[in-house]
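To start, the structure under review is shown below, and the notes come after it.
Chain naming here is simple, since letters A, B, ... match the order of the sequence lines and numbering starts at 1 in each.
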Number of protein chains: 2
Amino acid sequence: MNKLGDLAGEAPSSEHPKRSRSVVQDQVLANLKDALMSGVFLPGHVFSLRKLASSLGTSAMPVRESLNRLVAAHALEELPNGSVRVPKLSAKGLKEIFEIRLSIEAIATRIACETVGPSIVRDLREINDALLKSLKAMNMTEVLRLNQKFHFTIYEAADSEVLMPIIESLWLRCGPTMYYSFNSPNNLWDNSGHRLLQDAFKKKDPEAAQSAMVLDIGKTRDFLINQASIEQKAGPFASLGKVAV
Amino acid sequence: MNKLGDLAGEAPSSEHPKRSRSVVQDQVLANLKDALMSGVFLPGHVFSLRKLASSLGTSAMPVRESLNRLVAAHALEELPNGSVRVPKLSAKGLKEIFEIRLSIEAIATRIACETVGPSIVRDLREINDALLKSLKAMNMTEVLRLNQKFHFTIYEAADSEVLMPIIESLWLRCGPTMYYSFNSPNNLWDNSGHRLLQDAFKKKDPEAAQSAMVLDIGKTRDFLINQASIEQKAGPFASLGKVAV
DNA sequence: GATTAGTTACTGTGATCACGATTAGGGACT
DNA sequence: AGTCCCTAATCGTGATCACAGTAACTAATC
């Protein structure tokens with residue numbers, strides 16, 4: 001499973017590629033973030049600095065700094081020997097994260113609904129239409145990607161440099177687990193939250209938008225908690241072996 | 001301004017110092033965090049990798065990783081040329097941070113009051129007594145340190161790996177500005193919030209504790225916002241530079 | 001055949017260097 | 001005296017290396 005993304009696929013032994021500024025580290029970081037959100041790495045996966053570097057076609061330095069940033073954002077956790085891995089969320093930790101997500105994303109939703117223009121209504125509808133189509137095709141990877149896009153379209157509208165990093169960190173933390181759980185068979189996605197959200201933004205009703213977001217996240221949380229208790233043996237919450245990179 | 005702390009002051013050219021594991025980076029990071037919270041660096045201060053390294057008696061590597069982590073936590077911000085500096089908070093940014101602090105720390109306070117044992121009452125009283133003493137002596141550095149200890153005693157009691165990193169990040173972001181503002185002459189510290197908090201924990205009343213915390217943070221916010229408008233010319237709120245991503 | 005000891009490969013860490021870009025400073029010319 | 005250009009110092013970045021600790025694997029011994 002080489003090459004996480006389409007990062008400059010040249011051989012490491014080639015001559016100096018034209019790099020203007022620190023694009024390398026940014027690309028590596030973006031790649032890793034995307035991979036985490038998309039469920040490329042399972043919870044518990046341990047990263048190897050040199051292997052990751054060579055698989056990305058770069059040296060260890062940019063990977064070191066990227067992993068360091070993800071550790072600082074608690075998207076990855078540090079092992080006693082200094083290695084980093086994708087955290088295995090306990091049921092308690094998962095519940096905590098969603099508790100905070102409820103509060104923070106509710107605030108962001110209210111602010112967004114208070115300040116944003118009407119163009120967001122169309123954006124949200126388009127995203128949700130695509131989501132429903134992917135849901136019908138049972139393409140859960142795409143469903144999760146579009147769900148993320150739906151939520152972040154709202155949060156970006158809040159235009160807060162304080163809220164956004166917190167929300168991103170929370171999503172990075174529960175992303176791997178979410179991906180894992182929503183790939184299970186008995187998965188029925190409830191779209192009522194998204195509908196209520198669109199209605200609230202159409203009517204520019206911040207209170208309604210806020211409670212709709214609380215409802216939407218609450219449903220996701222309940223599903224995940226339920227899955228956690230089902231998959232307690234083989235799921236990402238138990239001891240699962242490492243996955244080759 | 002050499003030597004932030006008492007970090008291994010040996011000459012870099014000496015023989016191998018006995019280092020068991022990655023204590024160096026941890027010490028550097030702890031030093032920088034402490035310095036930020038204590039107001040050693042003013043908002044706008046630009047860091048130089050090599051100078052910081054030599055002033056700390058180490059090489060560039062541990063400093064690089066520490067600064068990187070602080071950037072990831074938004075405690076420092078990245079300039080277009082890759083240098084990092086202490087952010088100059090705009091009045092809007094400061095207001096946002098305190099808005100989130102109100103929500104997050106209120107939750108942490110409620111959880112703490114619900115779960116923690118009675119020993120916290122004594123701890124809080126001791127800290128607040130020392131705070132009042134330092135206040136009488138007009139030792140504002142000590143007051144700020146004890147205020148931080150008071151708050152974090154509560155937050156640590158909530159025992160959450162989700163809330164604590166968020167709270168720490170928020171304090172790191174507004175720390176330099178707080179230190180700067182509270183060193184001003186016309187500063188009267190209102191201790192009523194701390195008193196109400198202690199009462200609430202004594203009676204184990206989570207709701208009262210939560211609203212007392214909201215009150216306490218709100219008072220600090222109002223004072224800071226007021227200071228911001230006073231010092232609009234020369235203070236840390238002056239012409240806010242671009243905010244790099 | 002099971003256990004233990006020894007060796008080998010691999011881990012992150014810290015230090016150092018080359019590179020390109022940016023910046024500040026000084027000198028010369030108008 | 002003011003302005004402009006050139007140079008030198010400094011910046012972060014990416015690559016590479018030595019080191020110490022650890023984990024795993026192999027081989028020898030009981």
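C/dA15 atom P lies 11 Å from atom CD of B/Q25, rounded to whole Å. Between the CG atom of B/L79 and the C1' atom of C/dA21 there is a distance of 15 Å, rounded to whole Å. In this structure, B/L29 atom CG and C/dG14 atom P are separated by 12 Å, rounded to whole Å.
At D/dA15, one or more side-chain N or O atoms of A/T58 fall inside 4.0 Å of OP1 or OP2 (strictly under the cut-off).
With sequence neighbours excluded, no residue forms a side chain to side chain donor-acceptor pair (under 3.5 Å) with A/S103. Remark: B/R145 engages B/E142 in a side chain to side chain donor-acceptor pair (under 3.5 Å) (not counting sequence neighbours). Remark: A/R173 engages no residue in a salt bridge (charged side-chain N to carboxylate O under 4.0 Å, His left out) (not counting sequence neighbours). Evaluation of the side chain to side chain donor-acceptor pair (under 3.5 Å) rule for A/S160 yields B/E96 as partners, not counting sequence neighbours. Among residues two or more places apart in sequence or in another chain, the side chain to side chain donor-acceptor pair (under 3.5 Å) test is passed with B/Q148 by none.
Of the residues in residues 61-73 of chain A, those placing a heavy atom less than 4.0 Å from an atom of DNA chain D are A/M61, A/P62, in numerical order.
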Using a cut-off of under 3.5 Å, enumerate the N/O to N/O pairs linking the protein to nucleotides 9-11 of chain D.
unit_1	atom_1	unit_2	atom_2	d
D/dC11	OP1	B/S48	OG	2.6

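A salt bridge links B/R69 with A/E78: the closest approach of a Lys/Arg side-chain nitrogen to an acidic carboxylate oxygen falls below 4.0 angstrom.
Here ring pair (Phe, Tyr, Trp, His ring centres under 6.0 Å) pairs that include residues 47-77 of chain B, with residues two or more places apart or in two chains, are B/F41-B/F47, B/H45-B/F47. Among pairs with a residue in residues 155-168 of chain B, those fulfilling salt bridge (Lys or Arg N to Asp or Glu O under 4.0 Å) read B/K33-B/E168, at least two apart in sequence or across chains.
Taking the side chain of B/S59 as heavy atoms from C-beta on, and the options C/dA15, D/dT16, C/dT16, the nearest nucleotide is C/dA15.
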